[in-house]
Engineer: 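Take a look at this one; I'll ask things after.
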Amino acid sequence: MTLIAPSDSTVKNKRLLAKVAKYERYSESLKELIAENGPKVRAANAAMRQKLLTPGQVHVDAALSNLSVQYANEEYIGEEIMPATTVAKLSDVFFKYDRRSRFGYPDDAMGSRSSANEINESRTTDNYSCKPYALKNYIDALTVAAEDAPLNEMVDLVAATAEGIAFKREVRLASILSTTSNFASSNTVSLASGVRWDSSAGGNPIADIQAARAAIWQGMGGSKVIGYCDLGTWNVLSRHPMILDLFKYTGSSPGIATPSMLAGWFDLDDILVAKGRQDTANSGQTAAFSRIWPNCFGIARVAPPGVRNVSFGRTFRFGQVQTDQWYDPSLGTKGGYYARVSTHEDHHVIANDAGYLIATPVVQTV
């Protein structure tokens, strides 16, 4: 028998077919592993993910230059009720006319040879005494050099201090304008629980405010009569059924009354709603926020500075509110900057019968 050796092409074909069969077996095994999602597959996927480029590898977090967050207090109203009058001295006196002299006169009837009766007038004086108030702030020069946009610590250095002075002024004025002893005894009332405006009986805010408005005394010059209250009182008043019932005669039925609506009804030039907040907790303790103004509703005559006029109160201010800024090289390694805002003021009630205070008109606080 003669053996015939296979040709090279036959051998190559067999080897190729063997490799194809081996790849097919490997492919089927891989598909089975993937379908099972076993430990080997999970480990392989994790290894692949570690090799992928991620956003964290190509980006370093930086401060946004067009966004920051800062809280601000609500609008202060105290100085609109007791406006500032600039004075040239830290203390002085001013004249007050007797109230009776223009509300009662002797008999003016004349006989043929009689002499006219003389009228009686008197003057008294009152005085103011401005007290110093100031706050200061500090920023290290290295901190200023290291700041990122949009921070501007030199601006905040002054702004925060000025805000502090305005805040403390509002706290003082709120105390004066919500304390019954600062009003004439006939021009204040504290509502009992049964007649408060948010009591089950609902009280009678219309009669109460009308009585307050009628009690205000008038001066000889121009002025405004301003109503004011805290937010809790306003929320009750603005939706009180007796108040909303007033508007049915105008053909409109607002869901909630606005300050301008009520001001018109009660012959007031405006009603100011106090919404400012304060933190009453001590430094280092958890913040405890409450409203600056307590529950109250008041009315005050506000007149511009002038003679022969009546205004409930004034803020006597010596000069202007002053802002100072200076550099101190002795602090730290590069020195630092100070800012100080100062003023000399006296919040003085000058005609306690030109205002009226309704204390505790509601129980509700917000």
Side-chain angles (χ1 to χ4, degrees), residues 68 70-94 125-145 147 150-179 182 224 226 228 272 274-280 283 292-293 300 302-307 309 311-332 334-350:
S68 63
Q70 183 183 56
Y71 291 93
N73 215 335
E74 301 275 1
E75 184 178 4
Y76 300 139
I77 69 168
E79 202 169 356
E80 295 189 53
I81 305 167
M82 295 179 64
T85 296
T86 303
V87 293
K89 301 292 183 180
L90 285 170
S91 63
D92 248 327
V93 299
F94 54 94
T125 60
D126 196 352
N127 68 285
Y128 70 87
S129 180
C130 293
K131 305 170 187 65
Y133 301 98
L135 290 172
K136 70 178 180 180
N137 199 2
Y138 173 79
I139 186 71
D140 190 83
L142 280 176
T143 302
V144 176
E147 71 183 16
L151 297 178
N152 191 331
E153 295 303 327
M154 291 299 291
V155 170
D156 289 334
L157 181 73
V158 177
T161 314
E163 172 65 15
I165 289 292
F167 172 87
K168 297 299 290 186
R169 180 186 298 118
E170 181 76 356
V171 172
R172 292 192 298 271
L173 289 170
S175 177
I176 292 170
L177 290 162
S178 62
T179 300
N182 291 322
K224 291 183 177 181
I226 305 295
Y228 61 90
L272 305 178
K275 302 176 183 178
R277 289 183 171 91
Q278 61 180 338
D279 179 9
T280 58
S283 179
I292 294 174
W293 288 72
V302 181
V307 297
N309 206 351
S311 189
F312 172 77
R314 258 264 174 304
T315 296
F316 293 95
R317 181 174 296 152
F318 174 62
Q320 302 297 319
V321 177
Q322 183 172 327
T323 300
D324 299 295
Q325 187 173 320
W326 67 94
Y327 171 72
D328 187 345
S330 67
L331 301 175
K334 297 292 185 181
Y337 301 92
Y338 278 102
R340 180 183 61 209
V341 178
S342 59
T343 184
H344 296 78
E345 299 177 350
D346 181 17
H347 311 298
H348 195 72
V349 177
I350 60 178

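Everything quoted here is computed from the prediction, not taken from an experiment. Computation of the quantities below employed the complete heavy-atom set of this structure, encompassing side-chain atoms and omitting hydrogens, waters and symmetry-equivalent molecules.
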Engineer: Any side-chain to backbone donor/acceptor pair from Glu170 onto Ile77? Under 3.5 Å, distance only.
Structural biologist: yes
Engineer: Could you tell me whether a side-chain N or O of Gln322 sits under 3.5 Å from a main-chain N or O of Ser342, the two making a donor and an acceptor?
Structural biologist: no
Engineer: State the CD-CD distance between Glu80 and Glu75, to the nearest 0.5 angstrom.
Structural biologist: 5.5 Å
Engineer: Please report the shortest heavy-atom distance between Lys334 and Tyr327, naming the atom on each side.
Structural biologist: O-OH, 2.6 Å
Engineer: For residues 85-92, tabulate all N or O donor-acceptor pairs below 3.5 Å that involve a side-chain atom, not counting sequence neighbours.
Structural biologist:
unit_1, atom_1, unit_2, atom_2, d
Thr85, OG1, Arg314, NE, 2.6

Engineer: Any donor-acceptor pair under 3.5 Å linking the side chain of Asn137 with the backbone of Thr161?
Structural biologist: no
Engineer: NE2/His347 to OH/Tyr128 distance, rounded to the nearest 0.5 angstrom?
Structural biologist: 14.5 Å
Engineer: Quick one: CD on Glu345 to NZ on Lys168, what's the gap to the nearest 0.5 Å?
Structural biologist: 13.0 Å
Engineer: Parallel, tilted or perpendicular: which one describes the rings of Tyr338 and Tyr138, with boundaries at 30° and 60°?
Structural biologist: tilted
Engineer: Which atom pair, heavy atoms only, marks the closest approach of Ala162 to Val341?
Structural biologist: N-CG2, 3.8 Å
Engineer: Can you confirm if the NZ or CZ of Arg277 lies within 45° of the ring axis of Tyr71 and under 6.0 Å from the centre of its six-membered ring?
Structural biologist: no
Engineer: Can you tell me how far apart OG (Ser311) and NE2 (His348) are? Round to the nearest 0.5 Å.
Structural biologist: 12.0 Å
Engineer: Considering non-hydrogen atoms only, spot the tightest contact between Leu173 and Gly78 and give its length.
Structural biologist: CD1-C, 3.4 Å
Engineer: Roughly how far, to the nearest 0.5 Å, is CD1 of Ile165 from CZ of Arg340?
Structural biologist: 10.5 Å
Engineer: Grab the two heavy atoms, one from Val302 and one from Ile226, that are nearest each other, plus how far apart they are.
Structural biologist: CG2-CG1, 3.9 Å
Engineer: Do side-chain atoms of Thr315 reach the backbone of Met82 as a donor and acceptor pair under 3.5 angstrom?
Structural biologist: yes
Engineer: Who passes side chain to side chain contact (heavy atoms under 4.5 Å, CB included) against Ile139, sequence neighbours left out?
Structural biologist: Thr143, Val144, Glu153, Met154, Leu157, Tyr337
Engineer: Let me confirm one number: the CZ-CG distance from Phe312 to Leu177, rounded to the nearest 0.5 Å.
Structural biologist: 6.0 Å
Engineer: Is it true that atom CD of Glu74 has more than 12 heavy atoms of other residues, nucleotides or ligands lying nearer than 6.0 Å?
Structural biologist: yes
Engineer: How close do Phe318 and Cys130 get, heavy atom to heavy atom, and via which atoms?
Structural biologist: N-SG, 3.9 Å
Engineer: Where do Tyr133 and Arg169 land on the side chain to side chain contact (heavy atoms under 4.5 Å, CB included) test, with the steps shown first?
Structural biologist: CA-CA 9 Å; Tyr133 301 98; Arg169 180 186 298 118; over 6 Å; no
Engineer: Applying salt bridge (charged side-chain N to carboxylate O under 4.0 Å, His left out) as the test, list every pair that has at least one member in residues 127-139; sequence neighbours left out.
Structural biologist: Lys131-Asp346
Engineer: Can you name the closest pair of heavy atoms from Val158 and Ala339 and give their distance?
Structural biologist: CG2-CB, 3.9 Å
